[in-house]
Amino acid sequence: MEENTGHPVFETAYGKIVVNICYGRHHPLNWLAFGLNGAEIVFNPSATVCELSELLWPIEARNATIANSYFVGSINRVGTEIFPNLFTSGDRKLQHSDFGHFYGSSHFSALDASCTPSLSRYKDGLVISYMDLNLCMVYNGNDHLLMGDGNGVRISHIGQGRLVTKDRPLDAQSRTILLEGVLTHEGLYKLVPPDSTRQQGLFQVCSASSSQFGHNANVDIVTGDISAGESIEIIPEQVNNEQVVNNELGNHNVASQSVSIVNNEQVVSHVSGFADRVPVDVSVAAEFDYARQDGSASSPSHHSGDELNVTFLEDLQGDSGSITTPTSPGVPESIPENTSEAVHENVTRAVDSAVERLQGCTCGVLQLGKEAKAQMEVTAANGIPSLMDYVGKGGLDVGDDLLVLLYHIQFACKRIAALVASPFNSALGKHSALTGAVPSDRDKPKPLDIVANEIILSALRNSGKVSVMASEEDDAPIWINDDVPFAVVLDPLDGSRNIDASIPTGTIFGIYNRLPELDNQPVEEKALLNSLQSGTKLVAAGYVLYSSATILCASFGSGTHAFTLDHSTGDFILTHPSIRIPPRGQIYSVNDARYFDWPEGLRQYIDTVRQGKGKYPKKYSARYICSLVADFHRTLLYGGIAMNPRDHLRLVYEANPLSFLAEQAGGKGSNGKSRILSIQPVKLHQRLPLFLGSCEDIDELESYVDVQQKVNPGYEV
Ligand SMILES: O=P(O)(O)OC[C@H]1O[C@](O)(COP(=O)(O)O)[C@@H](O)[C@@H]1O
């Protein structure tokens, strides 16, 4: 673009592709010109370092994607390049030998405003995205594609449109007309073909989408004659609530929800926002589309959408040579019938084959070590590291396996946070009240804790790092894989009884190493025994609090740290490093209504501290949210005791992970008599009294001896 080559769009077997090189992303007219020239995928390979560039990174490409109706691949290198001689960059800084840290964070953006998660800031990786290129041509908010059945106009809010009829193939530039468009406040879209086009004819406009109208809308189909200079109106129908609800539930929008990291280094993700438009592998999409345009059923002899990405990765890696050009072993020779099942099958096979080929590939070019550490310090000094930065190579360096697992856990928890905060969350049980529709059995809503369980279990499974997972919601642990490092225990949504009142809830998790000595045991047995490890064996544990803020608090065996979700970037940001629970608090937290079921010792303890007659001569306050994660989080920060003296909370899923966090913060976890972490679990769903909090408070409580509530009458609420 700095030259006089214009803004070329390359028509390939995979789609109409553009390379917008590096700095080109800062010029909006570049993006526009590529759009006008018919781009479907714009790649923006970059070698760019932190500071202002990184602030722009998540915004510019997505903005361009939405404005110009194409997909964008934002690719940035990682690492730090050290040059033999010092140089200046004309920025008044001292001479230096490097540009700074190339922050990676590669991702794809789609025109329906969805976006893949970013790759690492420190490691090379591979994003495999499914792009339904149909979206570039006819961006239709309804249930079906218009490609095969007649006419459609592609509209974007910059007023670009293409008139497409059966006898005017989509890709013929000569048939492209520009339409001026005005989006009025009422949501009307007036299209005015400029005089110069001299186009006239009968056509239908069936294309509009949420991004054009700013909300989820369908449009009336407008049919009629249009001559140059005339205008037509597209009138959005009412918002389709059912569709919105379904999207919230993930029934329709599954495509954008499936994310996994494979082999530490590749993010496999769907970009396409509407599952009804079957998301397909790039090349499959392209060839599919072209096949359908001319009515023939082409059968590509070889293809691979990921080939495209791999090529890019290789380019960025210079001579690493570690990725070979794929031969697509698992991809079928011909495209099967156009049924969504067949396409899904095709996609699955293409992904599997890509993943298989990538197993074991090392993506090289990591210059971490000292530089990354220094970068980490710079980041910490300038701003605040994210969870991934904090545990990554430049920070705690918890190891690739745990890093990948944490990535998946935090991703799942973000989804749960969104679900919990959604206006439709409690409507999981009241679906029809919103839509007026009666849900079919298949669409019947599930309680939130079940949905949360499914989200987090699927994230654990997709991480490829979990051999067994045991959830409070399931009767038995689920064995996944023999050769991977971790066993994970979890309570997917603790405190969910509070959900309808929007009281805080939380996810709790504990991570153990898989016990290889059990590998030869029958599956049920090794699944159970791996899940029944004592808390002293925890490698990491944490919780995510869904409250006024979403906070992920975790320990990897070196202190307890909390990260707050920054909704503007989607990152968990370190906000509470190395939490130290005060040795003495002034708050007790317990369900006081059970007073008369309490044993004498506990009653005496509570009576004493609330009167300020205990070892600490201040009157204690009572605070009880009745949501363990929230009560514990407050206790972690303010001190005191969070307790449930009856046999109610679970040793494996709740008591152990939270006691680990308490101890790592300098506090204690006790059952009233002894240390929680030293108790050997004997049953998966074993319950026990739980006291968590400040050391001095727990010691004082235990001195009353008789503090465990034996009567457990099964309270109604
Ligand atoms: O009824 P109690 O004894 O006050 O118990 C309340 C506790 O139960 C919990 O709701 C957990 O119970 P569940 O595991 O059955 O969801 C905690 O969040 C809360 O601290």
Side-chain angles (χ1 to χ4, degrees), residues 413 416-417 419-420 425-426 428-429 446-454 456 470-475 489-510 531 541-547 551 553 587-599 602-603 606 622-636 638 640-659 661-662 669-672 676 681 683-693 701 707-717:
C413 291
I416 296 172
L419 206 58
V420 164
N425 73 17
S426 51
L428 290 173
K446 296 175 186 164
L448 253 190
D449 38 10
I450 302 298
V451 179
N453 194 36
E454 286 170 5
I456 200 154
S471 163
E472 198 202 86
E473 294 297 334
D474 296 325
D475 291 339
V489 296
L490 64 122
D491 181 353
L493 196 61
D494 186 83
S496 52
R497 66 175 76 178
N498 289 310
I499 205 88
D500 282 345
S502 300
I503 286 170
T505 48
T507 296
I508 307 172
F509 59 90
S531 310
Y543 62 79
V544 179
L545 171 66
Y546 311 112
S547 184
I551 295 181
C553 179
I587 297 172
Y588 69 87
S589 178
V590 65
N591 187 341
D592 197 60
R594 314 269 151 87
Y595 183 88
F596 296 105
D597 291 329
W598 290 348
L602 183 60
R603 278 196 232 169
I606 296 290
R623 302 266 189 280
Y624 189 58
I625 301 170
C626 191
S627 187
L628 180 60
V629 171
D631 281 314
F632 178 67
H633 184 69
R634 185 201 51 246
T635 307
L636 201 57
Y638 299 165
I641 303 189
M643 64 180 99
N644 194 322
R646 65 183 176 118
D647 277 345
H648 177 59
L649 297 170
R650 266 86 159 193
L651 172 58
V652 170
Y653 312 109
E654 291 155 332
N656 267 336
L658 296 186
S659 297
L661 292 168
S670 162
N671 69 352
I676 293 284
K683 281 196 299 189
L684 203 54
H685 294 274
Q686 184 175 343
R687 296 174 187 262
L688 78 184
L690 179 61
F691 304 87
L692 298 160
L701 170 96
V707 294
Q708 297 181 329
Q709 179 184 334
K710 297 286 173 339
V711 190
N712 200 359
Y715 309 102
E716 284 298 315
V717 286

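Numbering of ligands and ligand atoms starts at 1, following listing order. Bear in mind that the values here come from a model prediction, so they are computed numbers and not experimental data.
- When each atom of ligand 1 is checked for a heavy atom of Asn644 under 4.0 Å away, the hits are 2 (P), 3 (O), 5 (O), 6 (C), 7 (C).
- One side chain, Tyr715 or Asp597, offers a donor N or O that lies under 3.5 Å from an acceptor on the other.
- Annotation: the span from Asn656 atom CG to Leu649 atom CG amounts to 12.0 Å, rounded to 0.5 Å.
- Put simply, SG on Cys413 and CD1 on Ile551 are 13.0 Å apart, with the number rounded to the nearest 0.5 Å.
- Short contacts between ligand 1 and Asp494, defined as distances under 4.0 Å to a heavy atom of the residue, involve ligand atoms 11 (C), 14 (O), 17 (C), 18 (O).
- If you look at Tyr624 next to ligand 1, the close heavy atoms, those under 4.0 Å, all belong to the side chain.
- Annotation for ligand 1: atoms under 4.0 Å from non-hydrogen atoms of Arg650 are 14 (O).
- Distance CD1/Ile499 to CG/Leu419: 8.5 Å, rounded to 0.5 Å.
- Close contacts of ligand 1 with Glu472, meaning ligand atoms under 4.0 Å from a residue heavy atom, involve 14 (O).
- Distances below 4.0 Å separate heavy atoms of Arg594 from the following atoms of ligand 1: 1 (O), 2 (P), 3 (O), 4 (O).
- In the vicinity of Leu628, heavy-atom distances shorter than 4.0 Å reach the ligand 1 atoms 17 (C), 18 (O), 19 (C), 20 (O).
- Listed by atom number, the atoms of ligand 1 under 4.0 Å from Glu654 heavy atoms are 14 (O).
- In terms of polar-atom proximity, defined here as any N/O pair under 3.5 Å, Ser496 makes no such contact with ligand 1.
- Note that CG of Asp494 and OH of Tyr546 are 10.5 Å apart. Values are rounded to the nearest 0.5 Å.
- Between Thr507 and Pro492 the shortest heavy-atom distance is OG1-O, 2.6 Å.
- Classification of the Tyr653-His685 ring pair by plane angle, with boundaries at 30° and 60°, yields tilted.
- Between the choices Met643, Arg646, His648, the shortest heavy-atom distance to atom 1 (O) of ligand 1 belongs to Arg646.
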